[in-house]
Amino acid sequence: MPHPIQSVSDIPPLIATSVVRGSVQGQSHGGVYIVAPASQSVQQVLDWNTVDIDWSGRGWDRGLRGIAFHDGEIYIAASDELFVYNQQFQRQRSFRNDYLKHCHEICVYKDKLYLTSTGFDSILAFDLVEQDFLWGMHAAKINGAWHAHRFDPRTRVGPPAGNKLHINNVDCSDQGLSFAGLRTKGIVSLTPGAKLQLQVELPEGIHNARLTAHGVVFNDTAADFLRYVERDGKERRFAFPTYPDSEIDFANIDDSKLARQGFGRGLCLINENLVAAGSSPSTVSVFDLHAGTRVLSVNFSMDVRNAIHGLQVWPYDIPASN
């Protein structure tokens, strides 16, 4: 049985990726960080600017996104490429696919890695044993009805590029596969009959919607809140930390679509009570869903364009500092 969390020092380390919204070549593009809640310290373990990665074709947000673990390795998605690292964050290999575009979150279930292909309104499945993309599902809502089309991502016969739903989260478990996005208006599940069904209704403008034991938690990015709604309808809202403009780098950016304080994205469940969530400028906060409180916040950039993207509990030993 896991050791119960009774104080901040009991909260496990977290791993976070960040992207820099609207940056240009030659500027920072984020990286990968280990956050230690006990000491409220941050260690950058991977710098997007210095690794040997082709810079072209990275999409609107420059940087690294979803995070998953399998067989002692770390899988991290960029916009259109899947990278694999060892526990010392040495790059082992990477994979591309024609149908992977603007990837957001990823998850592992058994020996498959599921990836959101936001730019194709699709979910891709990557076989972790064969190390190849083997399955794709394109989602569409037509005249109010959900439709799923399965395709082989190894062929050229797939869906056209499109971002009508902005699928940004995928979850797969013994209960099945589900996904959500900015414009899905809820969590959509794949039924045993290979049909899509709206499982939970949610507002537009959300990221990282996840079912919990007692309800649903999600980043209401459009409203700058983390929201937790229980099955009986009881709701709690958590505001993200903000800072004085005098302390913010690039605070004079006049396009809120590029960057703004309190932009919530990135979320992981620590236990039934605690959830970690990310916001910009790059801040990781831990909230107690049932107490309705923010337990702690750790900031590691005051660049308002620098936003958390992926967030997970770190399951391995913390690597030694370089």
Side-chain angles (χ1 to χ4, degrees), residues 16 18-22 60-61 65 102 104-105 116 118 141 163-171 178-188 198-212 214-245 248 250-251 253-269 273-299 301-311:
S18 72
V19 298
V20 178
R21 296 166 56 79
W60 186 261
D61 290 353
R65 289 109 181 281
H102 301 323
H104 279 57
E105 298 299 332
T116 56
T118 307
K141 191 175 184 181
N163 185 6
K164 295 181 180 180
L165 301 172
H166 198 86
I167 297 172
N168 57 51
N169 201 63
V170 60
D171 185 50
S178 62
F179 63 86
L182 286 182
R183 293 182 287 275
T184 60
K185 295 186 178 180
I187 297 176
V188 182
L198 185 66
Q199 185 175 7
V200 178
E201 187 174 346
L202 297 171
E204 287 195 358
I206 65 170
H207 283 89
N208 312 106
R210 291 286 305 275
L211 293 172
T212 72
H214 304 289
V216 60
V217 62
F218 57 96
N219 280 315
D220 190 344
T221 308
D224 296 337
F225 283 102
L226 175 77
R227 293 175 62 181
Y228 173 56
V229 183
E230 296 187 62
R231 296 184 189 277
D232 61 4
K234 184 178 180 181
E235 178 180 348
R236 292 186 176 89
R237 296 188 178 195
F238 303 84
F240 292 108
T242 57
Y243 308 91
D245 284 347
I248 297 294
F250 298 96
I253 290 179
D254 59 2
D255 188 347
S256 62
K257 292 182 180 179
L258 290 181
R260 70 175 187 272
Q261 287 207 62
F263 179 92
R265 186 172 59 187
L267 182 151
C268 70
L269 305 177
N273 291 336
L274 298 183
V275 60
S279 58
S280 58
S282 282
T283 302
V284 171
S285 301
V286 175
F287 300 95
D288 188 318
L289 297 178
H290 298 287
T293 59
R294 187 171 73 220
V295 177
L296 65 88
S297 292
V298 182
N299 169 271
S301 172
M302 294 305 285
D303 183 342
V304 73
R305 305 167 307 164
N306 199 318
I308 299 298
H309 203 298
L311 192 58

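From a predicted model like this one, the values you see are computed outputs, not experimental measurements.
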With distance as the sole test, does Asn299 use its side chain to make a donor-acceptor pair with the main-chain N or O of Ser282 at under 3.5 Å? yes

Would a 4.5 Å heavy-atom cut-off, applied to side chains only, mark Leu202 and Arg227 as touching? no

Residue Lys141 excluded, over 12 heavy atoms near NZ under 6.0 Å: yes

Any non-hydrogen side-chain atom of Ser285 less than 4.5 Å from a side-chain atom of Pro241? yes

Where the side chain of Thr212 meets the backbone of His214, is there a donor-acceptor pair that is under 3.5 Å apart? yes

Residues Leu182 and Ile206: closest non-hydrogen pair is CD2-O, 3.2 Å

Donor-acceptor contact below 3.5 Å, side chain Thr184 vs main chain Gly186: yes

Compare every heavy atom of Phe238 with every heavy atom of Thr293, then report the nearest pair and how far apart it is. N-CE2, 3.6 Å

Interatomic distance, CG@Leu296 vs OG1@Thr283, rounded to 0.5 Å, equals 11.5 Å

How long is the gap from CD1 on Ile167 to CZ on Phe179, to the nearest 0.5 Å? 4.5 Å

Is there side-chain contact between Val304 and Phe263, with heavy atoms separated by less than 4.5 Å? no

Separation of Leu311 CG from Glu105 CD (nearest 0.5 Å): 8.5 Å

Counting distance only, does the side-chain N/O of Thr116 pair as donor-acceptor with the main-chain N or O of His104 below 3.5 Å? yes

With a 4.5 Å heavy-atom cut-off, do Leu289 and Val217 have their side chains touching? yes

Check whether Arg265 reaches the backbone of Ser280 with its side chain - one donor and one acceptor, N or O, closer than 3.5 Å. no

Might you confirm whether atom CD of Glu235 has over 12 heavy atoms from other residues, nucleotides or ligands at distances under 6.0 Å? yes

Looking at every heavy atom in both Ala16 and Val284, which two are closest together, and how far apart are they? CB-CG2, 4.3 Å

Taking all non-hydrogen atoms of both residues, which atom of Ala277 and which atom of Phe287 are closest, and how far apart? CB-CE1, 4.0 Å

Hey, is Asp232 close enough to Lys234 for a salt bridge, meaning N to O under 4.0 Å? no

Quick one: pull up CG in Leu211 and CD1 in Ile187 and give me the separation to the nearest 0.5 Å. 4.0 Å

For the pair Ser178 (side chain) and Val188 (backbone), establish whether a donor and an acceptor sit closer than 3.5 Å, ignoring hydrogens and angles. no

Determine, for Asp224 against Arg260, whether the closest basic-nitrogen to carboxylate-oxygen distance falls under 4.0 angstrom. yes

So among Asn169, Asn219, Asp220, Thr221, which one has a side chain to side chain donor-acceptor pair (under 3.5 Å) with His207? Thr221

Do Leu226 and Phe240 come close enough that some side-chain heavy atom pair is under 4.5 Å? yes

Spacing of CD1 belonging to Ile248 relative to CE belonging to Met302, to within rounding of 0.5 Å: 3.5 Å

Looking only at atom types and distance, does a side-chain atom of Gln261 sit under 3.5 Å from a main-chain N or O of Tyr243, one as donor and one as acceptor? yes

Side-chain (Arg236) to main-chain (Tyr228) donor-acceptor, under 3.5 angstrom: no

How long is the span from the CZ atom in Arg210 to the CG atom in Leu267, to the nearest 0.5 Å? 7.5 Å

